[in-house]
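Everything on this sheet refers to the single structure shown next.
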Amino acid sequence: MYEDSPYPIDIREYLYKILVIGDLGTGKTSIIKRYVHNIFSNNYKSTIGVDFALKVIQWSPDTVVRMQLWDIAGQEKFSGLTRVYYKEAVAALVVYDVTRPKTFEAVPKWKADLDSKVSLPGGEPIPVVLLANKTDLQDASSGGLDTEQMDQFCEENGFLKWFGTSAKDNSNIEDAARYLLEEIMKREAEHAHHQEQNAMNDRIQLNQPSSKEGCC
Ligand code: GTP
Ligand code: MG
């Protein structure tokens, strides 16, 4: 609450741990740097282990969201450490490089690694969005990404949605992040609602006379 505000305003704050994973050199760090600091560099400096970044968003007048982005090195692919890194994450972005088909072939493996090592408190898989990155390098002759095939791939592999992105041109990154946040908040509201209902059911049961009291 703001003490010197003429009106009492309750600010709600949320902190979300979000993973950014995918093969080596697909642009995970570049996407995060573009999203958080609005910068881009052509120099490639491979991430070692894991890096962190924080993006603070004024979601609505009374809601602030902090996105803690975990930038996991492509080198960590299915290493024993991913289980540690994934712990308590509420969502993920899986990134591949549209100019290197091998990075797309690895996408289902990253997804399987995620699903086997992390889930939401209710047990459902965490929401995951696929980023087809480096769209600025796609030449006109390749005709871009086939929307229908990509939609089908997402459906078959448990991705909520996909976005063609470019960290270089700053294209679609904000949209993808906003979409993922909406999905996270939707799930959190559902979870809170379930918990409220369970608590209410518990209270109802406590208030009911036990069979002993009811008898004779
Ligand atoms: P690891 O940390 O090794 O897993 O790689 P990464 O996924 O973090 O990739 P990084 O962001 O370091 O980018 C790898 C290279 O691709 C760098 O040289 C970037 O400049 C370049 N790159 C990243 N995103 C884009 C993009 O959208 N377009 C173009 N043209 N180059 C990009
Ligand atoms: Mg990196």
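Both ligands and their constituent atoms are indexed starting at 1 by order of listing. Everything numeric here is computed off the predicted structure, so don't read it as measured data.
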Main chain of [Y], side chain of [X]: is a donor-acceptor contact present, judged purely on distance under 3.5 Å?
X	Y	value
Arg187	Val90	no
Lys161	Cys154	no
Thr103	Asp23	no
Thr47	Ile72	no

Tell me whether [X] has any N or O atom under 3.5 angstrom from an N or O of ligand 1.
X	value
Gly25	yes
Tyr44	yes
Thr165	no
Ala167	yes
Lys28	yes

Nearest-neighbour protein heavy atom for [atom], which is reported as residue plus atom name and distance:
atom	value
atom 18 (O) of ligand 1	Asn42 O, 2.8 Å
atom 30 (N) of ligand 1	Asp136 OD2, 2.8 Å
atom 8 (O) of ligand 1	Thr29 OG1, 2.8 Å
atom 13 (O) of ligand 1	Ser30 OG, 3.5 Å
atom 9 (O) of ligand 1	Gly27 N, 3.1 Å
atom 25 (C) of ligand 1	Lys134 CG, 3.6 Å
atom 31 (N) of ligand 1	Phe40 CZ, 3.8 Å

Discussion item. Does Lys33, at its NZ atom, have more than 12 non-hydrogen atoms belonging to other residues, nucleotides or ligands within less than 6.0 Å?
Written reply: no
Item to complete: Take atom CD of Glu155 as the centre, draw a 6.0 Å sphere, and report whether it contains more than 12 heavy atoms from other residues, nucleotides or ligands.
Response: no
Worksheet item: Short check: any N/O/S atom of Thr47 below 2.8 Å from the Mg ion (ligand 2)?
Response: yes
Worksheet item: Between the Mg ion (ligand 2) and Thr29, is there an N, O or S atom separated by less than 2.8 Å?
Response: yes
Response to the item:
Of all heavy-atom pairs linking Lys55 and Tyr35, the shortest is NZ-O, 2.9 Å
Worksheet entry | For Leu54 against Arg66, the heavy-atom pair lying closest together | CD1-CB, 4.1 Å
One residue to check: [X]. Relative to ligand 1, which of side chain, backbone, both or neither has a non-hydrogen atom less than 4.0 Å away?
X	answer
Thr47	both
Leu137	side chain
Asn133	side chain
Ala73	backbone

Worksheet entry | ILVMFWY network linking Leu81 to Val94, side-chain heavy atoms under 4.5 angstrom | yes
Discussion item. Quick check: is Leu24 connected to Ile21 through a chain of hydrophobic side chains (ILVMFWY, heavy atoms under 4.5 Å apart)?
Written reply: no
Item to complete: Answer yes if the side chains of Asp71 and Thr29 hold a donor-acceptor pair under 3.5 Å, and no otherwise.
Response: yes
Worksheet entry | Member of Asn157, Leu130, Val129 meeting the side-chain contact (heavy atoms from CB on, under 4.5 Å) criterion with Trp162 | Leu130
[X] neighbourhood, listing ligand 1 atoms whose heavy-atom distance to it stays under 4.0 Å:
X	value
Asn43	17 (C), 18 (O)
Leu24	3 (O), 4 (O)
Ser41	19 (C), 20 (O)

Discussion item. For Gln195, give me all partners under side chain to side chain contact (heavy atoms under 4.5 Å, CB included), at least two apart in sequence or on another chain.
Written reply: His191
